[in-house]
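We use all heavy atoms of the structure for the numbers below, so side chains are in, but hydrogens, waters and symmetry mates are not. Convention: sequence-line order gives letters A, B, ...; per-chain numbering from 1. None of the values given here were measured: they were computed from a predicted structure.
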Amino acid sequence: MPELPEVETVRRGLAEYIIGRTITQATVYDSPKSFPNHTAEVEQFMQGAQVVAVRRRAKVLLIDLSSDYTLVIHLKMTGQLWYRGEEVFGAGHPSDSLIGELPDRSTRVMLEFADSSRLYFNDQRKFGWIKLIATPLVPSLAFMQKVGPEPLEADFTPEQFATRFARRARTNIKAALLDQTVVAGVGNIYADESLWGAKMSPKRLVANVTPAEFALLYDELRAVMNLAIEKGGSTDKNYVNAEGKRGSYMDFARVFRREGQPCPRCGTTIEKIKWAGRGTHLCPVCQK
DNA sequence: CACTTGACCTGTCCGC
DNA sequence: TGCGGACAGGTCAAGT
């Protein structure tokens, strides 16, 4: 589910709600699946620790604690992080919140804070996980070593973007976009959306993409992701932000989940095919 | 090494 | 309405 814009939206919500709060207890409902390294010792590093920062790298959330440990969280397809406290439900649930009693049958982990507010990690499909890692060791995690650059960073250039694809020259552009070691944070939604924006077929061989085309794809990817962050991400089924609210980018999507509808650019019917192992949406006429 | 495929899970939707 | 199969936004471990 969540790609860079969704994880960033969750990060911003969490930063607002949990920084400064002190963890009093962690409850793990399905260890070890959702919290693989949860032990009594790890529990000690959380209890009494204060949240000092909420960071994001690619699709991974990093919650830094005053104990010099970091909660490393990947939401994968259906993970959700809901904060429940005075700020969110003190004045009643927002009308567009997916209201539900928590914990529920999808709750995998619950963190309780000193003021009795709570953070729930819900994950229907159990692909997501939370690990507690010593903060100084986070940069040496295999994932952190391999992952590509953040596409929205100010100093990330179109030339760097193009260069990152060299290693994947013999595959197609969609598979390469989804490769987290090429560029961080791109998933199925924003791959399809940015390819449509760049008028590029997902089937294009990377080796045949020109520097000018890479520059266009770079622009489109950044524009699409920035718009998605502005809209609070994309909610198809599961995704919600820290308040349990949906994102509205899907209202602005041009091809994703719009098969059978006319292409907003040329009017041709949008197709959905299986490509790079994923459901892929495209305009068969104006994406070359 | 680069690349593709299947597996991890649960829930939902579609066609018969 | 019931039931089996396909499919779902992400990533690995395997395989070629």
**Residues that A:R265 engages under side chain to side chain donor-acceptor pair (under 3.5 Å), provided they are two or more places apart** =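 Expected list: none.
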
Close N or O pairs between protein and nucleotides 2-4 of chain B (under 3.5 Å):
from  : atom 1 : to     : atom 2 : distance (Å)
B:dC3 : OP1    : A:R170 : N      : 2.9
B:dC3 : OP1    : A:T171 : N      : 3.4
B:dC3 : OP2    : A:R167 : O      : 3.2
B:dC3 : OP2    : A:R168 : NE     : 2.6
B:dT4 : OP2    : A:T171 : OG1    : 3.0

Can you measure [X] atom [atom1] to [N] atom [atom2] for me and round it to whole angstrom units?
| X | N | atom1 | atom2 | result |
| --- | --- | --- | --- | --- |
| A:Y239 | C:dA8 | OH | P | 21 Å |
| A:L75 | C:dT11 | CG | P | 10 Å |
| A:I73 | C:dG10 | CD1 | C1' | 16 Å |
| A:K59 | C:dG9 | NZ | P | 11 Å |
| A:D30 | B:dC9 | CG | P | 10 Å |
| A:D236 | C:dG10 | CG | P | 11 Å |
| A:R278 | C:dA8 | CZ | P | 8 Å |

Distances under 3.5 Å between nitrogen or oxygen atoms of protein and nucleotides 12-16 of chain C:
none

How would you label the contact of [X] with the nucleic acid (heavy atoms, under 4.0 Å): base, sugar-phosphate, or nothing?
| X | result |
| --- | --- |
| A:N188 | sugar-phosphate |
| A:G128 | nothing |
| A:G277 | nothing |

[atom1] spacing across the pair [N] / [M], given as an integer number of angstrom:
| N | M | atom1 | value |
| --- | --- | --- | --- |
| C:dG9 | B:dC13 | P | 15 Å |
| B:dC9 | C:dA14 | P | 14 Å |
| B:dG6 | C:dA6 | C1' | 15 Å |

**Request:** Report yes or no: is the ring centroid of A:F127 under 5.5 Å from the six-membered base ring centroid of C:dT11, with the two planes under 30 degrees?
**Result:**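 No, A:F127 does not stack on the base of C:dT11, since the centre distance and plane angle fail the 5.5 Å and 30° test.
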
Using a cut-off of under 3.5 Å, enumerate the N/O to N/O pairs linking the protein to nucleotides 10-13 of chain B.
from   : atom 1 : to     : atom 2 : distance (Å)
B:dT10 : OP1    : A:K126 : NZ     : 3.1
B:dT10 : O4'    : A:Q124 : O      : 3.4
B:dG11 : OP1    : A:R105 : NH1    : 3.4
B:dG11 : O4'    : A:Q124 : OE1    : 3.3

**Asked** Which range-with-range stems can be found for DNA chain C when each stem has 3 or more Watson-Crick or G-U pairs in a row and both distances sit under 3.5 Å?
**Response**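 Stems (3+ consecutive pairs) listed as B:2-8 with C:10-16, B:10-16 with C:2-8.
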
**Message:** Does anything in residues 210-220 of chain A form a side chain to side chain donor-acceptor pair (under 3.5 Å)? List the pairs, not counting sequence neighbours.
**Reply:** A:R204-A:E213, A:T210-A:E213, A:Y218-A:R222

**Fill in**
So side chain to side chain donor-acceptor pair (under 3.5 Å) across residues 131-145 of chain A, not counting sequence neighbours, yields A:T70-A:T135

Starting at [atom1] of [X], measure out to [atom2] of [Y] and round the result to the nearest 0.5 Å.
| X | Y | atom1 | atom2 | answer |
| --- | --- | --- | --- | --- |
| A:R118 | A:L102 | CZ | CG | 9.5 Å |
| A:E43 | A:F35 | CD | CZ | 8.0 Å |
| A:T171 | A:D179 | OG1 | CG | 9.0 Å |

**Item:** salt bridge (charged side-chain N to carboxylate O under 4.0 Å, His left out) partners of residues 142-152 of chain A, not counting sequence neighbours, each pair once
**Value:**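 Those involving residues 142-152 of chain A are A:R56-A:E150, A:R57-A:E150.
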
Those residues that, when tested against [X], pass side chain to side chain contact (heavy atoms under 4.5 Å, CB included) (two or more places apart):
| X | result |
| --- | --- |
| A:I273 | A:K203, A:E271, A:W275, A:T280, A:L282 |
| A:K33 | A:D30, A:K126 |
| A:A134 | A:Y69, A:P136, A:L137 |

**Asked** Just by modelled atom types, is the A:L81 backbone N or O under 3.5 Å from a matching donor or acceptor in the A:N122 side chain?
**Response**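 Here the side-chain-to-backbone pair does not exist.
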
**Message:** By the definition side-chain contact (heavy atoms from CB on, under 4.5 Å), identify the one residue from A:I189, A:I270, A:L195 that meets it with A:V255.
**Reply:**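 So the option named by the test is A:I270.
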
**Asked** Do the ring planes of A:Y17 and A:Y83 sit parallel (below 30°), tilted (30 to 60°) or perpendicular (above 60°)?
**Response** parallel

**Message:** Suppose we screen for ring-ring contact (aromatic ring centres under 6.0 Å, His included). Which residues come up paired with A:F121, at least two apart in sequence or across chains?
**Reply:**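 A:F121: no ring-ring contact (aromatic ring centres under 6.0 Å, His included) contacts found.
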
